[in-house]
Amino acid sequence: MAKYPFAEIEKKWQSRWESEKTFRAVEDPAFPKERRRYVLDMFPYPSGDGLHVGHPEGYTATDIYCRYLRMNGYNVLHPMGFDAFGLPAENHAIKTGTHPAATTHACIDRFRAQIKSLGFSYDWDREIATCDEDYYRWTQWIFLQLFKKGLAYESDMPINWCPSCKTGLANEEVKDGECDRCGTKVTRKRIRQWVLKITAYADRLLEDLEGLDWPEAVKLMQRNWIGRSEGAEVEFGVEGSAEKLEVFTTRADTLYGVTYMVLAPEHPLVGKITSAAQRAAVEAYVEAAARKSDLERTDLAKDKSGVFTGAYALNPLNGLRVPIWVSDYVLISYGTGAIMAVPAHDDRDWDFAKKFGLPIVQVVASRKQYEGGHDFSKPPAECDIEDGYSVNSGEFTGMPTEDAKKRIIEKVEREGLGRRAVNYKLRDWLFSRQRYWGEPIPLVHCDKCGIVPLPESELPLRLPETKSYAPSGTGESPLANIPEWVNAKCPKCGGPAKRETNTMPQWAGSCWYFLRYLDPKNSGAFASDEAVKYWMPVDLYVGGAEHAVLHLLYARFWHKVLYDIGAVNTKEPFLRLVNQGMILGDDNQKMSKSRGNVVNPDDIIRDFGADSMRVYEMFMGPLQVSKPWATAGLVGVSRFLEKVWALGEKPVAASSPSPELAKLLHKTIKKVSKDTASLDFNTAISQMMIFCNEAARLPELPRSLWESFVLLLSPYAPHLAEELWEKLGHGKSLARESWPAYDEALCADESKEIVAQVNGKIRERFTVPAGTPEKELEAMALALPKVREWTEGKELAKVIVVKDKLVNVVVKG
RNA sequence: GCGAGAGUGGUGGAAUGGCAGACACGCCAGACUUAGGAUCUGGUGCCCACGCGGCGUGAGGGUUCAAGUCCCUUCUCUCGCACCA
């Protein structure tokens, strides 16, 4: 049998789809809202390496789903674009002097061609690239809205600095103390930065997760990242000083157990309260801590360090005098940067107290201890962080932890010593990068007027041309070296002003790209209200799990801001999220150049065709799990498509199929429909293989049977299916043909094989008409020779009958 | 350390609490051929005194007439977080 001419067929149909604009999406009001779907892929960063077999996995999944939806009468928006600002192009520019735009556009062209070679049904008229002026104009516009709402501010807090990328990083971009991008150890650096107040949206970002159809794991990661915790801020007096020491605690019930206080080394009070005797030691400690990177600070987590300040704090509840220490186990960036230490009920405080010989007082007891008359005047044997009953706690002694918390906070509030408070792990988003290849931040610094936003009419603020892309060396972006660009007029007073030289991080463009697809050519707005209303929100968003917090949290934040200013109509951008699993190398390891296990989609398409590539990637296993690539497995899928092609060469008959085959067809339609709708593509393909194996036995194919099958196959192997459809005499693409319907009655078997079990073990099988009553099944089973053999001489305890399935005879003895 | 998920043939993987291993790869045998990753037919979890008997879903318990599936304990792997008071 000749290999089917996939190369020819695929080229033919791809160019036909393109010239006929088969997959153009139009905002046709004839489709009611519930008949519209927005199906989105996470757009790629077009790297110089080209497409990876991991990319087409998600893209194939959404493509199959979209094709299925169209055939089921949905109007589908399915766009593709490019996340095009980013460091690799800039680094290449530094080395070679090539403009990053040139590099990027070359990469985009390559990516686009590769993506097109897989025959995806994108509406290419809506393609966008985040580095295009026409696109980043609106990224800048959104930034200005954030600025105007007071959600963007300058700060020169110490930031995470990647010495290799020569740029600041958001907390989310630091993994294990290393740069998320290049793996370089992150250090700390103080430079002026732009920061977005994402924390102002913390509660909403948390609450609105509830209604989303997202993987629980991703929601959990976001919840943990936001890290909301409820507690109280309590003020401690400082002995011999007017200063107040404020701490945040979630365990107000342990206030009587405070035996010392700890300030973060960066805490402003450190310098003020340190005694003369301790000053030298404290200063040395603070300096040493400042020199440590975040990684070093967490590396030393096991072994606590610290210095006594010589000062004492006064417990607001019991007046007890406790020493104030400085230690880097307290973080300046969380809560108030100071803690009340309760070593009896906090592991970290326990370790610290043990190391420095500080007192430990038990104030919470387990029920057992409490009722057993335990002696609470002695220090406890171990640290216990569980809830229980308050002890050694004055008027609160005896209360369960929950009550004690509430009552103590009430008392603290009543007496003006503190207040109920909520804290978040989430920090504001470090939004500026000291790089060239990103969106310029559309602000100027004017001596007279301060920070002034550019008028919206002056957008886009274009990146200037330059010869040198190298960082300025001062930690500022290369833009700072271009005086013609930096020196500008203040839009407010007309006086001299300097442009902001920081650029935006790569996340900026991807925060809203799904909105630009709605109306990509609009020059008066990022998208028209009509387009937003027509398509939003995104019904299905498919992409890698690596974006679980970063991109998805940032995009949600921007979307909420846009919602607040009335620019979009939904609180959340992505209704349903699916993470495709990673495709590993055939050695079960992550694909990487250094391991030499990378598979190039171009090679696969050349040797086996795009349809084989598509079907194989879907046949490997469930979309959501990681699975290793096996070219041997691909061969199996390729053979399947060859077999389909061979079927297409059989004569087509007007006859109707045999009842058995008709039944198989209807079962196949049912299973493929259900599994495609639920993205269970692997089992849908398996069912089509079963159908083909049967159909291959026929000398000729009944037309109705074969046409239905070709339509079922078309979302999976669209080129092959189109060709077969044409061979069947149809002049038009099958992309908008109706999806085959199945007859439920025809799916049911009229006879069933019943399993006869004795004590749960299968002893015999027999066939009966479907729907045979339980009573009859029982009688038939009991009469079987094998069953009689195993039940002989034993007492019949009971018989369980499951209609159309089994009879289980339970005997004793 | 904490949190989440996953462990099924030689391999990828199927199984509303009801026949474990669909489909595919690989392998074995045969047919047709004589080499462009061919096609077709049959077989293929393990053990066995091969009697259609026994054992089998990481391990150990439990619930149930019936457990890969539900519950408890435990081990291993993957991912995420990691002094967040």
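What you see is a predicted model, and the numbers here were worked out from it, not measured in a lab. Naming: A, B, ... by sequence-line order, numbering from 1 per chain.
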(Q) Using a strict heavy-atom distance below 4.0 Å, which residues from residues 246-269 of chain A are in contact with RNA chain B? (A) A:Phe248, A:Thr249, A:Thr250
Q) Among B:A85, B:G37, B:G13, which is the nearest nucleotide to the side chain of A:Ser229? A) B:A85
Q.
Taking B:G51 as the reference, what is the distance to B:U39 when you measure between their P atoms (whole Å, please)?
A. 37 Å
Q) To the nearest Å, how far apart are A:Asn682 CG and B:A15 C1'? A) 12 Å
Q. Any Lys/Arg nitrogen of A:Lys185 or A:Glu178 sitting under 4.0 Å from an Asp/Glu carboxylate oxygen of the other?
A. no
(Q) Ring-plane angle category for A:Phe248 and A:Tyr334, please: parallel below 30°, perpendicular beyond 60°, tilted otherwise. (A) perpendicular
Q: Give the ring-plane orientation class for A:Tyr260 versus A:Phe352, where under 30° counts as parallel, over 60° as perpendicular and anything between as tilted.
A: parallel
(Q) Does a side-chain N or O of A:Lys627 approach OP1 or OP2 of B:G12 to a distance below 4.0 Å, or not? (A) no
Q. Considering only heavy atoms from C-beta outward, does the side chain of A:Asn160 approach that of A:Arg188 to under 4.5 Å?
A. no
Q: In whole angstrom, give me the gap between the P atoms of B:G7 and B:A15.
A: 12 Å
Would you tabulate the pairs of protein nitrogen or oxygen atoms and nucleotide nitrogen or oxygen atoms of nucleotides 66-71 of chain B closer than 3.5 angstrom?
none

Q. If you measure from the P atom in B:G45 to the same atom in B:G1, how many Å do you get, rounded?
A. 42 Å
Q: Kindly indicate whether the side chain of A:Val807, heavy atoms from C-beta on, has any atom under 4.5 Å from the side chain of A:Ile754.
A: yes
(Q) On RNA chain B, compare the nucleotides closest to A:Gly337 and A:Val637; which residue's is nearer the 5' end? (A) A:Val637
(Q) Given the ring of A:Tyr329, does A:Lys304 sit roughly above its face, with NZ or CZ under 6.0 Å from the centre of the six-membered ring and within 45° of the axis? (A) yes
Q: Using atom CG of A:Asn224 as one end and atom P of B:G5 as the other, report the distance to the nearest whole Å.
A: 12 Å
Q) So, A:Arg614 side chain and A:Pro715 main chain: donor-acceptor pair closer than 3.5 Å or not? A) yes
Q | C1' atoms of B:C19 and B:U69, separation to the nearest Å | A | 15 Å
Q.
Against the six-membered ring of A:Trp350, is A:Lys354 placed for a cation-pi contact (under 6.0 Å from the centre, within 45° of the normal)?
A. yes
Q) What nucleotide, of B:C23, B:G18, B:C40, holds the atom closest to the side chain of A:Val802? A) B:G18
Q: Using atom OH of A:Tyr616 as one end and atom P of B:C23 as the other, report the distance to the nearest whole Å.
A: 18 Å
Q: Taking A:Lys650 for its side chain and A:Ala696 for its backbone only, find out whether a donor-acceptor pair lies under 3.5 Å.
A: yes
Q) OP1 or OP2 of B:U39 less than 4.0 angstrom from a side-chain nitrogen or oxygen of A:Arg639, does that happen here? A) yes
Polar atoms only, N or O, under 3.5 Å: list the protein pairs with nucleotides 51-54 of chain B and their distances.
| from | atom 1 | to | atom 2 | distance (Å) |
| --- | --- | --- | --- | --- |
| B:G54 | OP1 | A:Arg763 | NH1 | 3.2 |
| B:G54 | OP1 | A:Arg763 | NH2 | 3.1 |
| B:G54 | OP2 | A:Arg763 | NH1 | 3.4 |

Q.
Please report the distance separating the C1' of B:G68 from the corresponding atom of B:U8, rounded so that it comes out in whole Å.
A. 7 Å
Q) Nearest heavy-atom pair of A:Val811 and A:Asn759: which atoms, and what distance? A) N-OD1, 2.9 Å
Q: Could you work out the separation of B:U76 and B:A85 based on their P atoms and round it to a whole Å?
A: 29 Å
Q.
Using the side-chain heavy atoms of A:Lys805, tell me which of these nucleotides is nearest: B:C81, B:A14, B:G18.
A. B:G18
**Q.** Note: A:Arg606-A:Asp603 ion pair, threshold 4.0 Å (strictly below)
**A.** yes
Q: For B:U57 versus B:G17, give the span between their C1' atoms, rounded off to a whole number of Å.
A: 15 Å
Q) Does any nucleotide pair with B:A29 by Watson-Crick or G-U wobble geometry, both distances under 3.5 Å, and what is it? A) B:U41
Q: Whole angstrom is fine here: how far is it from CD1 in A:Ile690 over to C1' in B:G13?
A: 14 Å
Q.
Can you confirm whether A:Tyr285 sits close enough to A:Asp328 that some side-chain heavy atom of one is under 4.5 Å from a side-chain heavy atom of the other?
A. yes
Q) Given the P atoms of B:A22 and B:U16, what is the spacing between them in whole Å? A) 15 Å
Q. Are the charged groups of A:Glu546 and A:Lys175 less than 4.0 angstrom apart, N to O?
A. no
Q | Among B:C65, B:G13, B:C23, the one nearest A:Ile800 by side-chain distance | A | B:C65
